[in-house]
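Shown next, in structure tokens, is the structure this report addresses.
Just so we're on the same page: letters track the sequence lines, and every chain starts at 1. Keep in mind it's a predicted model, so treat the numbers as computed, not measured.
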Number of protein chains: 6
Amino acid sequence: MAEGSVLSASPPHLPYSGIATFARAPIVQPDGDWRADVGVLGIPFDIALGFRPGARYAPRELREASLRYVPPFTDLAGRTRMANVTLADAGDVVLPSLEPELARERITRAARQVKARCRIPVFLGGDHSVTYPLLRAFHDIPELHVIQLDAHLDFTDTRNDTRYSNSSPFRRAAEDLPNLIHVTTLGLRGLRHDPEAVAAARERGHTLVPMEDVEARFDEVMTALPPGRPVYLSVDADALDPAVLPGTSSPEPDGFSYALALRVIRAVVRRHQLLALDLVELAPNLDPTGRSALIGARLIMETLCEALDD
Amino acid sequence: MAEGSVLSASPPHLPYSGIATFARAPIVQPDGDWRADVGVLGIPFDIALGFRPGARYAPRELREASLRYVPPFTDLAGRTRMANVTLADAGDVVLPSLEPELARERITRAARQVKARCRIPVFLGGDHSVTYPLLRAFHDIPELHVIQLDAHLDFTDTRNDTRYSNSSPFRRAAEDLPNLIHVTTLGLRGLRHDPEAVAAARERGHTLVPMEDVEARFDEVMTALPPGRPVYLSVDADALDPAVLPGTSSPEPDGFSYALALRVIRAVVRRHQLLALDLVELAPNLDPTGRSALIGARLIMETLCEALDD
Amino acid sequence: MAEGSVLSASPPHLPYSGIATFARAPIVQPDGDWRADVGVLGIPFDIALGFRPGARYAPRELREASLRYVPPFTDLAGRTRMANVTLADAGDVVLPSLEPELARERITRAARQVKARCRIPVFLGGDHSVTYPLLRAFHDIPELHVIQLDAHLDFTDTRNDTRYSNSSPFRRAAEDLPNLIHVTTLGLRGLRHDPEAVAAARERGHTLVPMEDVEARFDEVMTALPPGRPVYLSVDADALDPAVLPGTSSPEPDGFSYALALRVIRAVVRRHQLLALDLVELAPNLDPTGRSALIGARLIMETLCEALDD
Amino acid sequence: MAEGSVLSASPPHLPYSGIATFARAPIVQPDGDWRADVGVLGIPFDIALGFRPGARYAPRELREASLRYVPPFTDLAGRTRMANVTLADAGDVVLPSLEPELARERITRAARQVKARCRIPVFLGGDHSVTYPLLRAFHDIPELHVIQLDAHLDFTDTRNDTRYSNSSPFRRAAEDLPNLIHVTTLGLRGLRHDPEAVAAARERGHTLVPMEDVEARFDEVMTALPPGRPVYLSVDADALDPAVLPGTSSPEPDGFSYALALRVIRAVVRRHQLLALDLVELAPNLDPTGRSALIGARLIMETLCEALDD
Amino acid sequence: MAEGSVLSASPPHLPYSGIATFARAPIVQPDGDWRADVGVLGIPFDIALGFRPGARYAPRELREASLRYVPPFTDLAGRTRMANVTLADAGDVVLPSLEPELARERITRAARQVKARCRIPVFLGGDHSVTYPLLRAFHDIPELHVIQLDAHLDFTDTRNDTRYSNSSPFRRAAEDLPNLIHVTTLGLRGLRHDPEAVAAARERGHTLVPMEDVEARFDEVMTALPPGRPVYLSVDADALDPAVLPGTSSPEPDGFSYALALRVIRAVVRRHQLLALDLVELAPNLDPTGRSALIGARLIMETLCEALDD
Amino acid sequence: MAEGSVLSASPPHLPYSGIATFARAPIVQPDGDWRADVGVLGIPFDIALGFRPGARYAPRELREASLRYVPPFTDLAGRTRMANVTLADAGDVVLPSLEPELARERITRAARQVKARCRIPVFLGGDHSVTYPLLRAFHDIPELHVIQLDAHLDFTDTRNDTRYSNSSPFRRAAEDLPNLIHVTTLGLRGLRHDPEAVAAARERGHTLVPMEDVEARFDEVMTALPPGRPVYLSVDADALDPAVLPGTSSPEPDGFSYALALRVIRAVVRRHQLLALDLVELAPNLDPTGRSALIGARLIMETLCEALDD
């Protein structure tokens with residue numbers, strides 16, 4: 001296929017039926033000859049987390065869940081969204097077993113290929129360690145901002161003898177990418193924060209927003225960044241309250257409601273230029289009710305609706 | 001048995017013990033010789049839904065869950081409720097495999113029989129398609145109102161080549177029942193609404209309340225209907241937030257809290273004449289924690305407490 | 001794509017990774033311009049069964065499980081099989097909600113299209129009712145034989161008021177297809193057999209082999225049919241012992257071991273001309289260990305190895 | 001209802017539908033005015049086991065599973081069984097929380113009542129401790145034999161400071177019931193046997209058959225007892241191989257196949273006079289595939305077919 | 001080991017690794033020669049509850065979950081807590097099978113031993129019945145207060161023929177312990193309250209706070225008790241909203257959010273002298289997502305942080 | 001503790017109670033001052049497998065399961081085994097996140113330490129990749145034999161771009177350890193064998209026994225090795241039939257029954273000198289019935305009974 005095609009208006013398949021590509025998008029190769037508004041890439045890599053595995057299953061489950069949310073969408077007011085948006089599904093990065101460095105190289109390469117072919121890449125993790133190689137694909141953005149929804153800072157230098165775990169992606173990215181000038185982290189909570197990581201993030205001028213302050217400081221935080229900035233949005237599934245989204249390795253109570261997460265994302269996307277979105281740390285195997293993947297897929301769609309709304 | 005007997009004041013069985021009828025009510029035949037305040041009828045029919053089956057298990061699981069909520073009830077203030085209420089359990093409609101039209105006929109017939117023998121029938125679905133044949137049993141009510149708690153409008157003309165799916169019950173009922181003069185739908189949300197269905201509902205003057213407006217417009221919506229109207233109350237399990245009630249085919253985040261659902265139901269029941277209650281789209285197989293059926297059963301009991309309070 | 005391509009010799013993806021087509025086969029349309037040795041078609045239809053739903057999930061889960069069994073295969077003796085076999089995945093039949101007759105028409109049509117484009121179609125059910133419309137696609141075979149592995153006869157005239165349930169596919173096929181001259185059913189067991197169905201099958205000269213006789217009568221049964229006959233092979237997941245394959249609606253103890261099922265299939269395929277294979281009644285949602293889908297996918301592959309061996 | 005009615009020949013309900021009594025038998029009170037061939041009594045008591053609870057759920061789940069096995073049954077040879085058998089479901093013993101002695105008294109009383117009203121009582125445990133109070137209901141049989149299928153001897157004097165656990169039912173019964181003259185235990189296996197219990201059982205002349213000897217010594221063991229003896233049959237779910245029946249507190253590998261268990265039961269029932277049957281230690285909550293309850297229910301039905309065959 | 005050692009600052013094990021003691025604390029015998037700030041004791045007893053068992057698994061699962069929360073903790077502001085706190089894990093009370101009175105004796109004895117060796121004992125239930133024998137270990141406190149977070153009053157005299165179920169711990173304690181002068185119960189809700197128990201509690205002057213009043217009456221309730229009182233804090237898992245913590249026998253909707261539970265606990269601990277904490281009725285087997293145990297363990301840690309903060 | 005103590009004859013804890021060390025053995029440090037007959041070491045490492053993770057949970061679950069099998073054991077014949085055997089539990093290797101080479105170093109070091117302090121080390125994997133670093137601890141055995149029960153050969157040079165996956169442990173060991181002179185692999189089956197690996201193993205003279213030949217060639221294979229050889233026994237959970245042991249990443253049907261596995265192990269252990277035992281690839285998270293860990297723990301115990309029998 002030469003190009004991400006416009007989706008047919010009435011996809012006939014029931015959600016449990018048909019080969020599952022993201023929202024019924026055509027399949028493309030990351031380095032193929034295609035162009036689309038949105039390019040989806042899966043990164044089924046979860047060997048860098050330190051607790052409960054399962055994020056490797058997320059790309060496939062998010063594709064399946066997305067079949068309940070195939071655009072276009074019409075709201076109660078009759079407004080139709082994503083009617084003319086093209087999507088393409090670039091499949092998953094072909095990852096090695098076990099070889100973390102090789103894995104990171106391949107992730108960066110595939111992300112670059114997808115990024116070059118679409119307006120907004122959507123990356124389906126994987127654990128949060130994949131955000132480091134993903135961000136490397138954005139080394140060419142003059143001033144790169146990250147907005148991160150997360151219970152944890154993930155700016156730790158070393159954890160359990162590794163520098164590349166899911167606790168460190170932004171630290172490694174900050175070291176490697178001079179253009180990564182700022183990270184805003186919203187939703188921090190939990191008993192233990194790595195003091196060195198907190199200090200290092202603050203020294204770089206990062207914005208750290210504890211969960212309990214997100215609502216109160218909403219306008220302040222959302223307007224702290226000058227408008228129009230290129231923003232990479234990284235959503236860790238554990239940002240959400242585990243009552244809402246229990247399928248994640250390291251749940252922490254008192255997180256984002258779905259509505260608040262959406263409010264943050266919409267504010268970011270409206271004000272800035274969305275470079276890319278990743279959704280990481282979703283472990284569908286830990287949620288037998290299936291709602292974690294459904295909610296994850298819907299959050300992605302809502303983000304795209306907002307970002308691609310004209 | 002000739003009559004729904006008053007429940008014994010202290011049922012001796014532990015909830016996991018004994019043959020499970022609804023709240024230990026005596027078993028009756030839908031067309032038998034009995035009278036009761038409340039008649040319970042199960043409709044284990046779920047072949048009309050388009051996603052995850054399991055609502056066929058709901059009548060049995062709701063009966064089992066109801067054993068934690070056997071009346072009478074005394075609240076902290078010492079007020080006793082449902083002390084003199086009679087209940088009867090009319091079992092499940094005997095349904096065919098696969099033959100949808102025959103199934104609908106039987107549902108309507110059994111519903112009529114139960115309706116003729118009690119003050120308030122309680123219908124245990126089944127997917128939401130069963131509300132259409134259930135409503136047909138109320139063709140003799142001069143001015144029939146429906147109040148529907150639901151994430152979805154379910155007023156679609158045709159979906160996936162059928163006019164009888166769980167997306168269409170109110171459309172079919174509106175076509176068939178001239179006496180069905182109004183539907184109030186509370187809790188609408190989700191990415192996609194069928195524009196034709198929304199327009200058709202609005203043209204009929206239905207009241208459509210998005211989830212995010214339920215609290216703000218509570219008094220307005222609750223008093224829009226003149227008091228004392230006969231109301232059929234239809235509760236779709238997906239009206240509730242999936243964090244509260246995850247066992248449903250098509251969960252949508254940001255739904256009713258239990259308290260808000262109860263507040264709506266109480267307001268409706270106090271102001272109007274409750275003709276019947278259905279609880280549909282509960283899929284207990286999708287919730288291994290068991291709380292979905294427990295909460296569904298309790299919601300039914302709370303509704304009855306309110307409706308039968310003297 | 002114009003043609004089912006030869007599979008690459010070393011598929012790089014790990015089984016949990018990549019978009020899941022059957023054994024990484026290219027995606028085709030049932031009525032597209034392609035040719036392949038094997039064409040795979042899913043039929044996610046399970047509303048005709050009378051007990052526990054879930055077979056609708058089987059096509060997708062079998063595709064995912066097949067990723068552990070991507071040809072070519074080399075055995076311990078160094079013999080390589082399916083090295084030059086082409087596979088194509090024709091996706092799932094686009095099924096309506098609820099409309100059984102329309103569903104059957106579409107199944108027959110899609111099966112005919114796939115059959116016309118490959119040597120051996122593989123049909124992924126669905127409950128066993130789908131075998132009736134599938135067999136209709138073989139109305140043009142002069143003398144059609146069916147070999148059925150099944151705990152149940154599935155030759156019942158009417159069950160629970162329907163003639164089209166998963167208890168009746170071979171009865172309906174026998175009525176409709178004059179060319180369907182014989183059915184051999186192996187693995188019959190359970191407490192209750194429909195006497196009318198047994199008598200009707202025997203009157204037609206069908207061969208009924210109880211499970212306990214399969215091994216003892218193996219050679220007799222396997223040579224009863226003259227060699228070289230065109231055979232449609234229908235494997236009901238409940239033929240297998242539920243200890244081996246628990247994910248099925250209506251398990252019956254004391255069924256086929258995997259080895260015995262394979263022995264039967266190999267004997268059939270070597271002696272006769274395999275027209276098509278279906279695997280039905282697999283309900284992966286009923287087996288949280290995941291082995292039911294894995295074993296189902298492997299059984300399909302073993303059958304193909306045998307049938308396509310040169 | 002005055003009497004256990006003959007079952008209707010064609011029960012219309014699908015198995016997941018209708019209020020679940022055992023095989024759709026009418027509900028009776030243990031001490032009511034009824035007579036039936038078979039009387040079913042549940043004992044949802046599992047606080048005497050020392051490992052994984054859940055047997056309290058077995059009576060209800062066995063009733064639900066029995067709905068797949070509603071008599072009469074016709075086999076492939078056209079022979080119909082249980083056509084004229086009457087069944088009655090006496091519900092569950094009303095048990096206290098926690099008070100073991102009171103629980104045992106009530107179990108014995110209800111068992112006596114059921115025994116007085118039917119030819120063959122079927123007792124649905126509960127853990128194996130309930131067999132002691134059940135056996136007390138048979139104090140009036142002049143020479144009482146027990147045949148026990150079990151991985152464990154359950155003849156321990158004291159375990160973890162109690163004399164009434166599920167390891168001791170036959171020890172307590174032997175002490176209390178002078179008429180209990182012999183126990184045959186088949187299927188013994190596992191790493192550890194209580195030496196004192198083994199010695200005590202042997203001193204009383206009990207027959208202890210290790211699992212690995214059951215087939216080899218089949219005829220010897222089955223004919224050791226003079227024919228026509230009154231036999232209480234006690235089937236512990238862990239007698240069966242956990243691959244066949246995983247839902248049990250203390251599974252031990254290498255147990256009875258379903259076929260061998262059935263062979264033993266048939267031999268016993270044909271040769272002797274079946275006084276009663278209990279099925280204990282089934283923990284349906286430990287088997288999400290649901291097959292444990294289905295197999296348990298079917299085993300009961302097969303036993304009744306054999307015992308009531310004329 | 002002679003003494004609860006100070007925890008090493010950087011425990012090297014990943015949470016799923018290593019032998020699980022509470023927060024990696026050293027193992028001690030309840031009556032051994034040790035001293036620590038915190039002594040942990042498990043009481044895996046759940047035969048006194050009347051619904052769904054599983055609390056017997058809570059001590060082990062809470063220990064495993066605690067490994068994500070090993071002190072010391074540093075918050076975002078850089079404040080470090082529990083840096084110099086010593087913990088000791090006294091294992092589980094050695095309980096008999098089935099013998100409730102003996103069980104209660106052993107629980108009281110072990111609790112006394114732990115209490116004598118640490119500043120704050122932490123008791124891991126078990127169902128709520130264990131709080132009665134636990135409170136007996138505090139018979140020597142001149143004026144003992146209990147603060148209870150619970151959906152249910154648990155002050156019932158007799159339920160289902162026993163006086164020792166999980167509905168009665170505070171009634172029995174009030175009878176036995178003259179020094180137990182007051183109970184504050186927060187979070188009461190549900191359909192049915194035992195009128196006799198409510199009256200008896202009120203007659204004794206207990207404070208009963210319905211869930212819906214907790215926030216509104218927060219300051220009033222929290223300051224009702226004169227400051228500095230010795231308080232035994234008893235947290236029933238069902239106090240929390242089942243969306244937050246679904247793993248409990250008897251969930252009731254509309255409970256404590258995690259934040260509100262923490263707010264209450266912090267207020268109590270800051271104002272009074274925390275004698276001990278118990279967490280009961282956690283049934284991890286009822287929550288396959290694992291978050292119930294994780295949240296329970298974190299709640300304990302937060303309580304200790306607050307209580308041991310200097 | 002200075003020494004692995006003799007186990008007390010009657011451990012009082014119920015299996016679900018108490019801190020779980022292997023068979024209630026005392027906890028030791030791998031490099032501590034202790035001696036025991038058996039030293040247990042866990043290796044919770046599963047990032048080298050290519051399919052379904054979960055073996056990281058096996059050491060902890062095997063310890064819990066072992067509590068049902070605490071020695072000494074008495075068989076039906078009155079023979080007592082392991083009465084005077086000392087066990088010590090050395091906990092788990094402290095593993096890094098993600099750094100495979102460092103992980104392998106630590107595994108080898110800890111294995112050497114344990115090996116130096118006991119007669120028979122028992123290693124609890126982890127995926128099968130850990131057997132390579134474990135075998136390195138036996139570099140000092142002049143002529144090292146491995147007997148491997150496994151569905152797969154695990155002698156692949158490179159898979160998915162890594163040389164250290166769970167497909168390669170014996171290849172790497174063979175390269176590194178000149179003293180590793182022979183591997184016997186029993187139970188090989190499945191569709192695909194790596195031809196290069198098969199050839200390489202055969203060239204080294206390894207013995208490859210397909211599953212279907214194990215019984216027929218039992219005596220031949222068991223006596224092929226001269227008696228008295230030092231043997232490292234490596235048991236992959238997928239050697240067993242998945243009906244018996246479903247909790248494993250890559251199940252293959254038609255595997256070892258428990259009895260046959262035990263027969264092989266006993267024959268090996270009686271004839272040779274058991275150097276060590278590992279049990280790998282057990283994924284307890286994939287088996288909600290819990291029997292996989294129970295059977296794994298029992299298999300270990302049976303092996304020790306045989307090896308330590310005097």
Requested in this report: Report the option among P44(B), S97(B), G42(B), P59(B) that has the most heavy-atom pairs separated by less than 4.5 Å from atoms of chain D.
Outcome: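 Maximum pair count with chain D is reached by P44(B).
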
Query raised in the report: Is it the backbone or the side chain of R60(D) that comes under 4.5 Å from a heavy atom of chain B, or both, or neither?
Result: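 Side chain only.
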
Report task. Can you tell which part of L95(D) gets under 4.5 Å to a heavy atom of chain B, answering side chain, backbone, both or neither? Result ->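 The backbone, not the side chain.
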
Please classify the contact between [X] and chain D as side chain, backbone, both or neither, with a heavy-atom cut-off of under 4.5 Å.
X: R63(B); answer: side chain
X: Y16(B); answer: both
X: P288(B); answer: neither

Requested in this report: Taking all heavy atoms of H13(B) and all of V93(D), pick out the closest pair and write down the distance.
Outcome: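 Scanning both residues completely, I find the closest heavy atoms to be CE1-O, 3.9 Å.
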
